[in-house]
Amino acid sequence: MNEVLVNYNEKDLLIYFQQVRLLKAKEANERNVERTKDVKEEKTTFKGAMNNFGHFFERNFRNFDGLTKSINESIEKFNKKHSEVISKEAAESAIKILFEKDKYGLAKLLFVASIVLDDEYKYEYVEEGLQEVSLALFDKKETLSEIKKQIEENYNAIGSKSIQSIEANVLLALTAAWFGILLPFAPLVAAVPIAVVAITQHDVLSGNKDRIKEEFKKSSSEKNAFYLALQCTYIQRLKKNTSIKEDEFKEELDSILKSINELKSDLDYYLFVENESTKDNIAKNKAFHKFDERLVKVLELEK
């Protein structure tokens with residue numbers, strides 16, 4: 001019998017990872033509840049008494065009952081919305097297919113951003129959940145948390161607000177339009193599916209220029225700052241990627257800076273020549289300068 005191939009998209013994969021995080025939280029919580037039970041056989045010893053005291057303190061400090069309720073409510077909410085979720089085997093296949101032509105990791109970075117900024121459910125045991133997803137995507141448990149930290153630090157250095165105060169889903173949808181990539185959180189973006197093309201900054205610059213400029217013109221200063229923060233994170237990841245040759249890195253960096261400078265040039269025209277949306281465009285202008293300052297630090301140009 002011939003095997004039937006089923007194509008899964010980025011949204012299917014995102015939903016799968018949402019379930020992974022929720023179930024990992026349940027597993028971690030149950031393990032902690034079991035671990036902090038009284039050690040009855042050691043009660044008569046000093047060590048046993050100290051263990052029991054430590055477990056009693058942790059149970060009360062961590063509020064496992066509250067965690068259990070929160071986790072179960074999130075899982076129930078998820079199950080009501082998703083009656084079917086792809087299997088682990090299907091997810092592994094989807095990862096391979098969706099990102100096999102993602103030469104420098106830009107598509108995967110944007111997909112990871114949709115995971116680490118996902119707030120559709122209340123995720124307890126955040127680190128444990130991200131580690132589980134990271135193992136599936138990168139075969140390393142620390143990579144997702146590392147990317148999450150980089151995105152947050154870069155945005156907080158470039159934007160005027162804290163990243164926690166903005167609506168992540170909206171930012172990702174519009175940022176995806178600028179990169180020319182379809183994301184789970186970007187249902188209105190008419191872009192090329194990740195699996196079809198090898199995504200580079202050159203593709204974005206040459207193939208989506210008019211749409212990028214139009215989206216940029218309409219965007220808020222927060223969306224602009226988020227786009228720049230993701231570009232900064234992308235450069236950060238490229239710089240640390242030992243499999244990329246120096247000339248390849250320079251070529252990709254040059255392409256990134258050219259695309260950003262084109263947007264900055266348009267912004268200068270809107271602001272200084274046409275005097276359009278003055279307040280928001282002044283904030284955007286400041287973000288570009290902050291991007292330059294952040295890039296100096298990311299590229300470790302200061303000695």
Side-chain angles (χ1 to χ4, degrees), residues 1-31 71-72 74-148 150-151 168-169 172-173 175-176 179 181-187 189 191-199 230 233-234 237 241 243:
M1 181 181 294
N2 294 328
E3 183 181 359
V4 178
L5 296 179
V6 180
N7 292 322
Y8 297 108
N9 59 32
E10 297 88 341
K11 188 172 183 180
D12 294 321
L13 195 57
L14 174 69
I15 292 168
Y16 169 77
F17 283 133
Q18 287 180 321
Q19 184 185 60
V20 166
R21 294 177 70 185
L22 293 171
L23 294 181
K24 187 64 180 179
K26 182 177 179 67
E27 175 194 313
N29 193 60
E30 289 175 348
R31 186 171 60 247
I71 291 167
N72 288 338
S74 291
I75 291 175
E76 183 179 359
K77 179 182 175 183
F78 176 89
N79 289 337
K80 283 182 178 178
K81 185 173 182 179
H82 304 290
S83 58
E84 293 185 12
V85 180
I86 63 174
S87 67
K88 181 180 179 181
E89 292 73 22
E92 290 171 349
S93 177
I95 291 168
K96 184 177 179 180
I97 293 170
L98 290 172
F99 303 115
E100 65 180 348
K101 296 181 181 179
D102 184 25
K103 185 176 181 182
Y104 295 123
L106 176 57
K108 188 176 278 190
L109 172 62
L110 293 182
F111 180 72
V112 165
S114 71
I115 293 172
V116 300
L117 297 178
D118 172 24
D119 59 0
E120 184 174 1
Y121 304 97
K122 183 173 176 56
Y123 295 104
E124 308 291 355
Y125 295 92
V126 174
E127 285 303 310
E128 289 89 338
L130 290 181
Q131 286 175 2
E132 195 77 3
V133 177
S134 188
L135 282 170
L137 285 171
F138 298 98
D139 204 27
K140 293 180 180 178
K141 68 179 183 179
E142 69 279 358
T143 303
L144 246 72
S145 293
E146 182 181 277
I147 293 174
K148 180 175 185 287
Q150 289 171 338
I151 292 173
N169 294 1
L172 280 165
T175 303
F179 280 105
I181 296 173
L182 179 63
L183 282 179
F185 285 143
V189 178
V192 181
I194 288 173
V196 176
V197 295
I199 297 170
L230 280 181
T233 305
Y234 179 49
R237 305 298 302 173
N241 190 335
S243 66

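Everything quoted here is computed from the prediction, not taken from an experiment.
Here the OG-CG distance, from S74 to L22, works out to 6.0 Å after rounding to the nearest 0.5 Å. For the atom pair CD1 of I15 and CD of E84, the computed distance is 11.0 Å after rounding to the nearest 0.5 Å. Interatomic distance, OG of S145 versus NZ of K140, reported as 14.0 Å (0.5 Å rounding). Note that CD of Q19 is 9.5 Å distant from CD1 of I86, once rounded to the nearest 0.5 Å. Distance check, rounded to the nearest 0.5 Å: CG of L130 to NZ of K24 gives 12.0 Å. Residue K80 holds its NZ atom at 4.5 Å from CD of E76, rounded to the nearest 0.5 Å.
When all heavy atoms of L230 and A113 are compared, the pair lying nearest together is CD2-CB, 4.2 Å. When all heavy atoms of E132 and V20 are compared, the pair lying nearest together is CG-CG1, 3.5 Å. Contact detail for N9 and K11: the closest heavy-atom pair is OD1-N, 3.0 Å. Closest of all the heavy-atom pairs between Y16 and V85 is CA-CG1, 3.7 Å.
Proximity of Y8 to L13: side-chain heavy atoms (C-beta onward) are nowhere separated by under 4.5 Å. A heavy-atom distance below 4.5 Å is not found between the side chains of V112 and I151. I75 has its side chain within reach of K26: a pair of non-hydrogen atoms, C-beta onward, lies under 4.5 Å apart. Side chains of L109 and I147 form a contact here, defined as non-hydrogen atoms less than 4.5 Å apart. E92 has its side chain out of reach of K96: every pair of non-hydrogen atoms, C-beta onward, lies at least 4.5 Å apart.
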Discussion item. For E27 and Y125: C-alpha separation, side-chain torsions, deciding distance, then whether side-chain contact (heavy atoms from CB on, under 4.5 Å) applies.
Written reply: CA-CA 10 Å; E27 175 194 313; Y125 295 92; over 6 Å; no
Worksheet item: Under the salt bridge (charged side-chain N to carboxylate O under 4.0 Å, His left out) criterion, do R237 and E146 qualify, and how do the steps go?
Response: CA-CA 10 Å; R237 305 298 302 173; E146 182 181 277; 2.5 Å; yes
Practice prompt. Evaluate the side chain to side chain donor-acceptor pair (under 3.5 Å) criterion for residues D118 and Q18: first the C-alpha distance (whole Å), next the side-chain angles of each, then the deciding distance (0.1 Å), finally the verdict.
Written response: CA-CA 9 Å; D118 172 24; Q18 287 180 321; 3.0 Å; yes
Discussion item. Let's go through F111 and F99 carefully: what are the C-alpha distance in whole Å and the side-chain angles of both, what is the deciding distance for ring-ring contact (aromatic ring centres under 6.0 Å, His included) to 0.1 Å, and is it a yes or a no?
Written reply: CA-CA 10 Å; F111 180 72; F99 303 115; 5.7 Å; yes
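Considering R21, K77, K81 as possible partners of E120, the one that fulfils the salt bridge (Lys or Arg N to Asp or Glu O under 4.0 Å) test is K81.
The aromatic rings of F78 and H82 lie tilted to each other, with the angle between the two planes from 30° to 60°.
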